[in-house]
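Per chain, numbering begins at 1; letters A, B, ... match sequence-line order.
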Number of protein chains: 2
Amino acid sequence: MDETAPQKGTVTQRAIERIKAMIGEGRLEPGQRLPTERDLAVQLGISRSSMREAIRALTVLGVLEARHGSGIYVTQLEAGDLLETFGVVADLSRGPRLVELLEVRRILESTATALAAARITEDQLAEVEKHLTAMNDTDDPEIILSHDLAFHREIATAAGNETMAAILDGLSSRTFRARVWRGYQEEGAFARTRREHAAIHRALVAHDPEAARAAAAAHVGEVEEWLRAQIGS
Amino acid sequence: MDETAPQKGTVTQRAIERIKAMIGEGRLEPGQRLPTERDLAVQLGISRSSMREAIRALTVLGVLEARHGSGIYVTQLEAGDLLETFGVVADLSRGPRLVELLEVRRILESTATALAAARITEDQLAEVEKHLTAMNDTDDPEIILSHDLAFHREIATAAGNETMAAILDGLSSRTFRARVWRGYQEEGAFARTRREHAAIHRALVAHDPEAARAAAAAHVGEVEEWLRAQIGS
DNA sequence: CGGGCCAAGTGGTCTGATAAATATGCGGTC
DNA sequence: GACCGCATATTTATCAGACCACTTGGCCCG
């Protein structure tokens with residue numbers, strides 16, 4: 001008898017696991033093109049509908065990428081691809097969990113900034129400064145937010161750990177920050193934010209990891225404390 | 001004109017965003033039951049197939065839960081639900097990215113252990129000790145691994161940040177650790193692991209955060225260094 | 001009053017057809 | 001010979017309808 005039918009869970013779920021396993025075992029390489037939906041469905045002995053659901057699931061997880069008219073491909077499986085879903089967590093979290101997320105961000109961001117202080121190159125530093133000045137040259141919250149994100153993104157990248165940078169990206173996703181900052185910035189936090197950014201920048205220029213860690217922790221901690229107070233009230 | 005057709009992306013993608021938005025705006029509460037697939041498809045003006053793909057996507061993301069014969073429900077949207085997909089990252093990462101993941105784990109785990117040292121209760125400490133002794137009472141790698149996971153899980157929980165605990169869970173998912181430890185334990189690392197666990201436990205008993213941080217960092221760092229050497233070779 | 005049976009409701013799966021986007025190969029033109 | 005344009009094949013995206021499997025709640029019978 002054929003042992004390929006353990007009959008656990010739905011057929012779609014099994015298909016997801018099978019494809020994940022194929023990638024895990026190296027039978028499917030990053031960037032490689034998969035057989036067509038129809039062929040895959042036949043191979044796994046399921047209908048095309050179920051196969052499409054499995055593909056859709058792996059697509060939102062950042063494992064596969066479907067190109068209309070072309071085919072289905074394995075992504076590069078880089079940190080950014082797989083951690084894109086992290087933004088969903090930030091977007092759907094509320095109340096106390098927002099504080100927890102900021103706590104995680106504070107821990108990672110402070111360490112990332114410390115690492116960046118030690119490793120950052122002149123080119124990367126110039127890029128950081130570009131966003132810093134752009135942020136100070138305007139009063140448009142949208143533009144500020146955008147450069148703020150890029151500012152921290154560049155620092156995280158300079159830390160040399162792409163995975164950490166991708167996680168921090170998720171923890172700072174646009175909708176997440178916009179939601180928190182709407183109220184935070186109303187309390188005249190612009191000036192303080194600029195001072196904190198300047199402190200982080202000074203530490204980076206001085207290549208002083210401990211100062212960078214402290215400045216980054218304080219920066220995130222400020223928002224964290226404000227949010228904690230908001231929840232409590 | 002009808003503004004309900006922005007025509008960006010696939011209809012399934014739009015359906016995913018719509019449902020996510022409904023939850024984000026609070027129109028769908030955690031635990032609440034959704035309309036049937038058929039009704040939802042009609043509401044959004046798409047076919048049932050496309051709606052099913054959207055539901056499947058949100059299901060694997062831990063946002064929705066489909067119960068055969070009963071209906072579709074919003075999950076509790078707790079950290080554990082939404083971060084379950086984090087395990088996929090650990091399972092599909094290889095080479096240098098495994099080191100990066102362990103680096104992230106070292107940072108979070110050391111902080112979590114430090115927090116736990118300050119906050120852990122007697123009951124939680126007893127639970128930790130249970131897994132510690134169980135781990136030392138056997139030579140079966142499977143059982144050891146299982147209690148090792150529970151040991152660290154308990155500590156992360158004691159730190160009081162469920163989100164962090166859930167992330168660490170993903171970073172220590174069964175297949176991930178099994179993959180790394182297969183080779184690690186072959187080098188007679190059992191004894192060292194036991195010493196390190198004992199050191200962590202002592203720090204917890206003494207409620208000494210700094211000692212706990214150092215012990216946890218060293219513990220994860222050991223594996224990290226070993227893996228780094230493996231990659232390089 | 002309690003237990004088991006039954007039917008309606010609902011998610012799970014399959015099949016087949018059509019539309020839309022892409023890739024391919026051929027022929028022609030310059 | 002090279003390049004462009006177009007018809008054609010391939011492939012994903014979407015739709016429609018049917019049937020199966022499981023859950024639930026009420027009804028009937030003992």
**Student:** Take the protein atom CZ of A:Arg52 and the nucleotide atom P of D:dT14, then report the distance between them rounded to whole Å.
**Tutor:** 6 Å

**Student:** Return the value, rounded to whole Å, for the distance between atom CD1 of B:Ile72 and atom C1' of D:dT23.
**Tutor:** 14 Å

**Student:** Considering just the side-chain nitrogens and oxygens of B:Arg14, establish if one lies under 4.0 Å of OP1 or OP2 belonging to D:dA13.
**Tutor:**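 Indeed not, no polar side-chain atom of B:Arg14 lies that close.
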
**Student:** Relative to the ring of A:Phe86, is the ring of B:Phe86 parallel (under 30°), tilted (30 to 60°) or perpendicular (over 60°)?
**Tutor:**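 Rings of B:Phe86 and A:Phe86: perpendicular, as their planes differ by over 60°.
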
**Student:** Toward the 5' end of DNA chain C, which comes first, B:Asp39 or B:Ser49, by nearest nucleotide?
**Tutor:** B:Asp39

**Student:** So, is B:Arg56 close to the C:dG12 phosphate, meaning a side-chain N or O under 4.0 Å from OP1 or OP2?
**Tutor:** no

**Student:** Charged N to carboxylate O below 4.0 Å: is that the case for A:Glu142 and A:Arg174?
**Tutor:** yes

**Student:** Within a reach of under 6.0 Å around CG of B:Asp139, are more than 12 heavy atoms found that belong to other residues, nucleotides or ligands?
**Tutor:** no

**Student:** State which of C:dA21, C:dG11, C:dT10 makes the closest approach to the side chain of B:Glu37.
**Tutor:**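 Closest nucleotide to the B:Glu37 side chain: C:dG11.
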
**Student:** Nearest whole angstrom, please: distance from the C1' of C:dG12 to the CG of B:Leu64.
**Tutor:** 16 Å

**Student:** Which nucleotide in the list C:dG11, D:dA13, C:dA23 gets nearest to the side chain of B:His68?
**Tutor:** C:dG11

**Student:** For C:dC14, take OP1 and OP2 only and decide whether either is under 4.0 Å from a side-chain N or O of A:Ser50.
**Tutor:** yes

**Student:** Given C:dC14, is OP1 or OP2 found less than 4.0 Å from the side-chain N or O atoms of A:Ser47?
**Tutor:** yes

**Student:** How long is the line joining CZ of B:Arg38 and P of D:dA16, in whole Å?
**Tutor:** 14 Å

**Student:** On DNA chain C, compare the nucleotides closest to A:Gln13 and A:Arg67; which residue's is nearer the 5' end?
**Tutor:**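 Counting from the 5' end, the first nearest nucleotide belongs to A:Gln13.
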
**Student:** Apply the test side chain to side chain donor-acceptor pair (under 3.5 Å) to residues A:Arg179 and A:Thr175: give CA-CA distance (whole Å), side-chain angles for both, the deciding distance (0.1 Å), then the verdict.
**Tutor:** CA-CA 6 Å; A:Arg179 206 146 45 94; A:Thr175 64; 5.7 Å; no

**Student:** Regarding B:Ile55, tell me which of base, sugar-phosphate or nothing describes its non-hydrogen contacts under 4.0 Å with the strands shown.
**Tutor:** nothing

**Student:** Mind calculating the distance between CE (A:Met51) and P (D:dA13) to the nearest angstrom?
**Tutor:** 14 Å

**Student:** How many whole angstroms separate atom CZ of B:Arg33 from atom P of D:dT23?
**Tutor:**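 Rounding to the nearest Å, CZ of B:Arg33 and P of D:dT23 are 14 Å apart.
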
**Student:** Does A:Glu225 come within less than 4.0 Å of A:Arg228, counting only side-chain N to carboxylate O?
**Tutor:** yes

**Student:** Can you find a side chain N or O atom of A:Thr12 that sits less than 4.0 Å from OP1 or OP2 on C:dT13?
**Tutor:** yes

**Student:** Can you work out whether B:Glu53 or B:Arg48 has the more 5'-proximal nearest nucleotide on DNA chain D?
**Tutor:**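 Final value for this comparison: B:Glu53.
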
